[in-house]
Amino acid sequence: MEEENGNGKSPESPSASRGEALISMRTIWKTYQMGTEELHALRDVSFEVKRNEYLAIIGPSGSGKSTLMNLIGCLDSPSKGEYWINGNLVSEMSDDELARIRNKEIGFVFQTFNLLARATALHNVELPLIYAGMRAGPRHDQAQAALASVELGDRVTHRPNELSGGQRQRVAIARALVNNPSILLADEPTGALDSKTSVEIMHLFEKLHSDGNTIILVTHEPDIAARAHRVITIRDGLIEKDERLK
Amino acid sequence: MNFSETLKLAFSAIWAHKLRSFLTLLGMIIGVTAFMVVLSLLQGFNAYVDEKIAGIGSNSFTVRRFSFDDFKDTDTIAAAQRRNKELTFDERDFIRDHAQLIDKMGAKSGNVSREVKREGESLRDVQISGAEPIIAEIDKLDIAQGRFFSMPENDNAVRVAYVGMDVANKLFPKGDALGQAITISGIPYRIIGIQTAKGTVFGQPQDNFVTLPIKTFGAAFGGLTRQRAPYFVITAKNDKVFNDSVEEVRMLMRIKRKLAFGEKDSFGILTPDAITALRDSILGPIFIVIIAVPTIALLVGAIVIMNIMLVSVTERTKEIGIRKSLGARQADILKQFLMESATLSAMGGTIGLIIAELLGIIITKFVFQTRIPIWSALFAIAISGGVGILAGIFPAWKAARLDPIEALRAD
């Protein structure tokens with residue numbers, strides 16, 4: 001099951017057959033039961049993301065953007081609709097299958113970095129590889145390389161509290177990238193950083209994009225979103241706008 | 001995530017909260033220590049009975065005036081005292097002449113307690129007894145200096161003495177006891193042999209004795225009768241014929257005493273099996289009780305571990321969320337916390353075992369021999385690890401079931 005080919009999941013697999021969409025959301029609903037009342041966090045949301053897109057999802061708080069991010073990140077399953085990622089029908093998956101998809105396909109970058117405080121930068125970056133079952137030797141090398149790629153090759157033995165905010169976020173980005181995921185999913189990645197460091201991190205995202213990575217940025221800051229090449233605006237659980245900037 | 005990764009993770013989590021881990025472990029340490037100390041005392045006691053009292057491995061049994069059954073109650077004691085005659089040298093000769101399956105046979109007398117003197121020094125309450133020369137071979141005596149008696153010394157009731165180390169050391173503080181004279185009840189004896197020290201058992205000194213040739217003893221202390229009456233120590237030719245040898249001696253005694261068919265033995269034969277069976281029948285129920293008490297301590301230790309693991313899971317909700325977001329499956333999280341509680345608990349078990357081992361050394365030195373068999377040491381570690389797994393199941397299950405979104409939102 002570990003090595004199962006996602007393409008075998010269904011003959012209708014959109015991206016594999018058409019070679020286009022990396023992510024495909026089709027009429028996605030997310031409904032929460034609040035007592036007797038049904039709360040629709042997402043209503044009939046559909047969109048596709050192609051390989052090497054740089055997409056920002058923007059919306060005010062309560063718009064459903066966090067819910068959407070959790071769905072894209074395979075932390076949650078939709079109430080209705082189909083979600084395909086890299087040929088895998090994620091919307092039908094069990095918890096453990098979702099964990100495998102998160103491990104292989106998604107690289108998370110969080111607002112508050114979410115590094116393990118007691119672990120070194122290297123160990124933090126190694127975590128996805130550990131859960132992928134990689135042996136220690138190649139794992140160290142790969143994590144080391146990922147840290148070097150975010151210019152932290154000399155900080156491998158530092159713990160998060162010995163690093164600046166920008167450095168911590170770069171460790172988190174290295175961790176997100178170490179498994180060569182299909183998408184880099186960043187949730188307010190500059191939200192906890194000062195403006196100078198924010199600019200640095202945004203430059204790093206641009207570089208990663210030009211290296212061929214697919215990036216999805218969730219933010220409520222318009223000027224951060226403006227750096228992306230495509231912006232989806234969410235309001236009241238609906239896609240309000242889907243515009244291409246570059 | 002493989003085993004060694006999980007184990008490493010467990011150690012680092014335990015190490016991160018050293019004081020808390022230690023306090024958590026205390027319950028387990030105390031439980032395992034108590035368990036092992038009790039067990040080692042029991043094992044030591046059993047080994048003592050086996051080796052020293054029952055003489056297991058020495059392949060010998062004794063014929064005495066009374067059997068264990070005779071001591072059942074006061075009536076049977078009284079009846080046995082009327083019926084069972086003291087053993088005689090006639091009977092010894094009869095057995096020795098007719099038995100086919102026995103190897104060696106020797107007589108010993110009962111003890112008397114006397115003061116032993118030597119010029120200025122004196123030692124009270126020394127156990128004095130008589131023995132035939134062959135007893136040295138049957139009992140495999142461990143002679144430190146000199147020798148045991150010879151046949152001519154016994155036959156001629158020569159006044160020679162074989163003494164314990166305490167007697168030699170206390171009466172002759174400067175050493176050189178061998179060949180010197182001691183006086184018991186006004187009669188002088190020459191020391192010809194000294195036994196290697198055995199220490200104390202249950203606070204009873206084992207080296208505070210004087211053994212005389214049985215004839216010498218009989219002559220000096222008023223005859224081999226009453227509490228000084230002889231009993232026989234017999235070895236079988238080999239282990240295979242041991243039981244047959246016992247039966248043969250029993251038959252010979254019955255013939256000699258002209259007991260009718262169906263009549264009860266008017267003597268007792270004590271075999272190692274009979275002694276260990278008696279021990280087990282007395283100690284069996286006590287065993288269960290004294291094992292139960294430290295088991296409760298282990299249970300309390302397990303509850304403490306479960307409690308602290310629950311705290312740990314709550315504290316590390318965020319970490320669990322992070323791990324899940326990076327691809328940890330439920331099984332990975334479950335294994336992580338189970339391994340942590342099992343490691344914690346097994347560490348407690350190991351520390352407890354080490355403490356028990358040290359206590360055992362001290363107890364052996366000052367009170368009584370103890371013994372921690374290797375199986376019980378492994379058992380203790382396995383049990384404590386197993387208890388840790390059991391105690392960890394619920395907290396680990398809670399951790400594994402956490403919703404990653406909720407967990408990531410935690411502080």
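Convention: sequence-line order gives letters A, B, ...; per-chain numbering from 1.
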Notebook entry, point to check: When heavy-atom pairs shorter than 4.5 Å are enumerated against chain B, which of A/Met134, A/Arg135, A/Arg118 gives the highest number?
Noted result: A/Arg118
For [X] versus [Y], what's the shortest heavy-atom pair and its separation?
X: A/Ala143; Y: A/Leu122; answer: CB-CD1, 3.7 Å
X: B/Ser384; Y: B/Val32; answer: CB-CG2, 4.2 Å
X: B/Gly348; Y: B/Leu25; answer: N-CD2, 3.5 Å

Check: What do the steps show when you test A/Asn86 against A/Arg51 for side chain to side chain donor-acceptor pair (under 3.5 Å), and what is the final call?
Finding: CA-CA 9 Å; A/Asn86 202 16; A/Arg51 209 169 281 280; 3.3 Å; yes
Item checked: Audit row: A/Ile183, A/Val49, side-chain contact (heavy atoms from CB on, under 4.5 Å) steps and yes/no -> CA-CA 10 Å; A/Ile183 54 172; A/Val49 180; 5.6 Å; no
Checklist line | B/Arg401, CZ: over 12 other non-hydrogen atoms inside 6.0 angstrom | finding: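 No - once you tally the heavy atoms of other residues, nucleotides and ligands closer than 6.0 Å, there are 12 at most.
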Notebook entry, point to check: Should A/Arg175 and A/Phe108 be marked as a side-chain contact (heavy atoms from CB on, under 4.5 Å) after you check the CA-CA gap, both sets of side-chain angles, and the distance that decides it?
Noted result: CA-CA 8 Å; A/Arg175 179 180 66 185; A/Phe108 283 102; 5.8 Å; no
Check: How many angstroms lie between CD1 in A/Ile57 and CZ in A/Phe47, if you round to the nearest 0.5 Å?
Finding: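 With rounding to 0.5 Å, CD1 (A/Ile57) is 5.0 Å from CZ (A/Phe47).
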Next item on the list: Measure the CD1-CD1 distance between A/Ile106 and A/Ile216 for me, rounded to the nearest 0.5 Å.
Entry: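 It is 7.5 Å, given to the nearest 0.5 Å.
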Note to self: For the backbone of B/Lys335 and the side chain of B/Thr6, can you confirm whether one donor and one acceptor N or O come within less than 3.5 Å of each other?
What the structure shows: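 Not confirmed, B/Thr6 side chain does not pair with B/Lys335 backbone.
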Item checked: A/Thr31: which of A/His40, A/Arg43, A/Glu38 passes side chain to side chain donor-acceptor pair (under 3.5 Å) ->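 That would be A/His40; it is the only one of A/His40, A/Arg43, A/Glu38 passing the side chain to side chain donor-acceptor pair (under 3.5 Å) with A/Thr31.
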Margin query: Using heavy-atom distances under 4.5 Å, tell me whether A/Leu115 contacts chain B through its side chain, its backbone, both, or neither.
Written below: backbone
Checklist line | chain B contact via A/Asn114 - which portion, at a heavy-atom distance below 4.5 Å | finding: both
Check: Of all the residues in residues 403-410 of chain B, which have a heavy atom that comes within less than 4.5 Å of a heavy atom in chain A?
Finding: B/Asp403, B/Pro404, B/Ile405, B/Leu408
Note to self: Using a 4.5 Å heavy-atom cutoff, which residues in residues 58-78 of chain A come close to chain B?
What the structure shows: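 Contacts with chain B: A/Asn70, A/Leu75, A/Asp76.
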Item checked: Residues of residues 159-168 of chain A with any heavy atom under 4.5 Å of a heavy atom in chain B -> none
Note to self: Evaluate B/Glu315 against B/His17 for side-chain contact (heavy atoms from CB on, under 4.5 Å), listing each step before the verdict.
What the structure shows: CA-CA 12 Å; B/Glu315 266 183 4; B/His17 299 281; 4.3 Å; yes
Check: Under a 4.5 Å cut-off applied to non-hydrogen side-chain atoms, are B/Arg323 and A/Leu116 in contact?
Finding: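 A side-chain contact exists here, since the closest heavy-atom pair is under 4.5 Å.
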Next item on the list: Hey, could you give me each pair passing side chain to side chain donor-acceptor pair (under 3.5 Å) that has a residue in residues 352-364 of chain B? Not counting sequence neighbours.
Entry: B/Thr364-B/Thr370
